There are 2 protein chains.
Amino acid sequence: MGAAQETLGEEQPWSEVSPDAARRLLVAAVEAFAERGYHATTTRDIAGRAGMSPAALYIHYKTKEELLHRISRLGHDKALDILRTAADGEGTAAERLSAAVRSFVRWHAGHHMTARVVQYELDALGDEHRTEIVALRRQSDAAVREIINDGVRAGEFDVPDVPGTTLAVLSLCIDVARWFNVAGRRTPDEVGALYADLVLRMVGASPQA
Amino acid sequence: MGAAQETLGEEQPWSEVSPDAARRLLVAAVEAFAERGYHATTTRDIAGRAGMSPAALYIHYKTKEELLHRISRLGHDKALDILRTAADGEGTAAERLSAAVRSFVRWHAGHHMTARVVQYELDALGDEHRTEIVALRRQSDAAVREIINDGVRAGEFDVPDVPGTTLAVLSLCIDVARWFNVAGRRTPDEVGALYADLVLRMVGASPQA
DNA sequence: CCTGAAGGTGAGCAAGCGCTTAGGCAAGTG
DNA sequence: CACTTGCCTAAGCGCTTGCTCACCTTCAGG
């Protein structure tokens, strides 16, 4: 029940965050936000999980909202990077779409705590921070739509409604963060494989691309 | 920005809730919870939207959590009713699955405020109330799995992983409540039709069932 | 050995929270 | 008429919240 066990699925070291105390606070915040939601989490809880006094938080972050923003920004950067890598990769549209869904889903399952905060606490952000993040999300949407459009143009896919299908594919992947449970029966890899297959069916790709 | 405009998409009268003051409070709570989340909503806000003093809330509901529970219970009852009606209906498995997805999605889009509260504020419930609601959700899962199993048995569907696909179908539909926007380009009917088609593809039904 | 920056603490403030209480008013009943 | 009942409010209690402030410790550089 402690932080250590809960974090097993999240081997990511958040290595880009320094100094060490700031990273420990950020990791603690991810856990707390994921478990109870942003608004139900107190700054005392975050500081306590990081083994510090409540005041220590404000040495490294101006406000509680800035902590959320940092998490959201890093998470969206990572998510967008995953999708762009797949979109810009080699291979047929089906192969790239499959790879995109597989790695995107694997990230959402393997880092489901981070992903939950990233995907479901968007409107806890302040106005400026939210518009910044929304811009990143539009880029994610564009990356997926790009692959699907390629597939349609190449005759690989049969998609009557490209924007709608793009939305559905992303929605399907994102919602993994809501239901995925480390104690469940499926590994992130298995869910990724299942979802890649389902998405190829959604776009009408010939089976087993 | 007032309550009236926001509620346009939700013509549902919550007719099962009486007396009138209790219903007004419940509608106000749905709006507030959907916009800001359960924890970020204050009892003063709810009472204010209903045109009452903060104390009036406690004449009709014991706690703020009881309000959430009532909303969640009514919403889950409605959602389960939609799925069971489709599952128990006439026609091929493809027709029943299509009808289930279409009406389930239409409800999530048309009542997206209620649905958002119902689907995304589950762990704000107290322990007892949550287990009660989780039981209802398992029944929803069973209803969808039943249709898919029927289709597989009849040779209509090609589904390698029935539990996983069931989960994905429900997940896809539920997430509509997160992104659907009344100001957006799509009507609930259009989203329902699109999603019914996508789901039939996911289960490998022959096109246009 | 002194100094100043960096990183931490304990105590606590102002504001806002969920919820309670005492009491008021209108309608229905003997 | 008196009295009860149902619904509502004004005031406010006890507590928690995000955040601040005065102060302490550690340690590198001159």
Side-chain angles (χ1 to χ4, degrees), chain A residues 3 14-72 117 121-130, chain B residues 3 14 16-72 117 121 123-130:
Chain A
W14 290 99
S15 48
E16 55 272 73
V17 181
S18 73
D20 179 73
R23 179 169 50 247
R24 270 158 53 219
L25 283 165
L26 192 131
V27 169
V30 167
E31 288 173 11
F33 290 164
E35 279 175 25
R36 306 138 97 104
Y38 175 80
H39 288 293
T41 299
T42 70
T43 55
R44 284 166 236 264
D45 182 21
I46 298 170
R49 286 175 192 247
M52 302 180 195
S53 78
L57 196 153
Y58 293 90
I59 295 165
H60 301 281
Y61 302 94
K62 270 208 318 242
T63 63
K64 178 179 153 188
E65 194 265 354
E66 190 194 314
L67 248 176
L68 176 63
H69 173 242
R70 280 272 227 284
I71 295 167
S72 196
V117 178
E121 301 288 354
L122 238 164
D123 28 62
L125 288 168
D127 282 341
E128 285 185 30
H129 287 157
R130 186 171 46 246
Chain B
W14 290 101
E16 55 272 73
V17 181
S18 72
D20 178 71
R23 178 169 50 246
R24 271 158 50 218
L25 282 165
L26 192 132
V27 169
V30 167
E31 289 173 11
F33 290 163
E35 279 175 25
R36 306 138 94 106
Y38 174 79
H39 288 293
T41 299
T42 70
T43 55
R44 284 164 236 262
D45 183 22
I46 298 170
R49 284 175 193 247
M52 301 180 198
S53 78
L57 196 153
Y58 293 91
I59 294 165
H60 301 280
Y61 302 95
K62 272 209 318 242
T63 64
K64 177 180 153 187
E65 194 264 354
E66 190 195 313
L67 248 175
L68 176 63
H69 173 242
R70 281 270 228 284
I71 294 168
S72 195
V117 178
E121 300 289 352
D123 27 63
L125 287 168
D127 282 340
E128 286 185 28
H129 287 158
R130 186 172 44 246

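The chains referred to below are lettered A, B, ... by the order of the sequence lines, with proteins before strands, and numbering in each begins at 1. Owing to the predicted nature of the structure, the values given are computational and were not obtained by experimental measurement.
- Rounded to an integer number of Å, the gap from CG of A:Asp45 to C1' of D:dG18 is 14 Å.
- A donor-acceptor pair under 3.5 Å is formed between the side chain of B:Arg130 and the backbone N or O of B:Leu125.
- In this structure a side-chain-to-backbone donor-acceptor pair under 3.5 Å is missing from A:Arg44 to A:Pro54.
- For the pair B:Lys64 and B:Tyr38, the distance from NZ or CZ to the six-membered ring centre is under 6.0 Å and the angle to the ring normal is within 45 degrees.
- The main-chain N or O of B:Gly126 is found under 3.5 Å from a side-chain atom of B:Glu65 such that the two form a donor-acceptor pair.
- Across the interface with DNA chain D, nearest-nucleotide mapping of A:Thr63 and B:Ile59 shows B:Ile59 to be the residue nearer the 5′ end.
- Among the nucleotides C:dT9, D:dT9, D:dC19, the one closest to the side chain of B:Ala56 is D:dT9.
- As a whole-Å value, the separation of A:Arg44 CZ from C:dG12 C1' is 10 Å.
- Remark: A:Glu66 CD to A:His60 NE2 distance equals 11.5 Å, nearest 0.5 Å.
- Between the CD atom of A:Glu66 and the C1' atom of D:dG18 there is a distance of 14 Å, rounded to whole Å.
- Summarising the geometry, the separation between CE on A:Met52 and C1' on C:dA6 is reported as 13 Å, rounded to the nearest angstrom.
- Taking the side chain of B:Ala55 as heavy atoms from C-beta on, and the options C:dC19, C:dG7, D:dA11, the nearest nucleotide is D:dA11.
- Taking atom OH on B:Tyr58 and atom P on C:dC17, their separation rounds to 11 Å, with Å as the unit.
- Here the C1' atom of nucleotide D:dC7 and the CG atom of B:Leu57 are 14 Å apart, to the nearest Å.
- Residue A:Thr42 is classed as a sugar-phosphate contact, given heavy-atom separations below 4.0 Å to backbone atoms only.
- Between the C1' atom of C:dG7 and the CZ atom of A:Arg23 lies a distance of 16 Å, rounded to the nearest Å.
- When the side-chain nitrogen and oxygen atoms of A:Thr43 are compared with OP1 and OP2 of D:dG18, one or more of them lie within a distance under 4.0 Å.
- At C:dC17, none of the side-chain N or O atoms of B:His39 fall inside 4.0 Å of OP1 or OP2 (strictly under the cut-off).
- Under 4.0 angstrom from either OP1 or OP2 of D:dG6 there lies no side-chain N or O belonging to B:His60.
- Put simply, CZ on A:Arg36 is 14 Å from C1' on D:dT17, counting in whole angstrom units.
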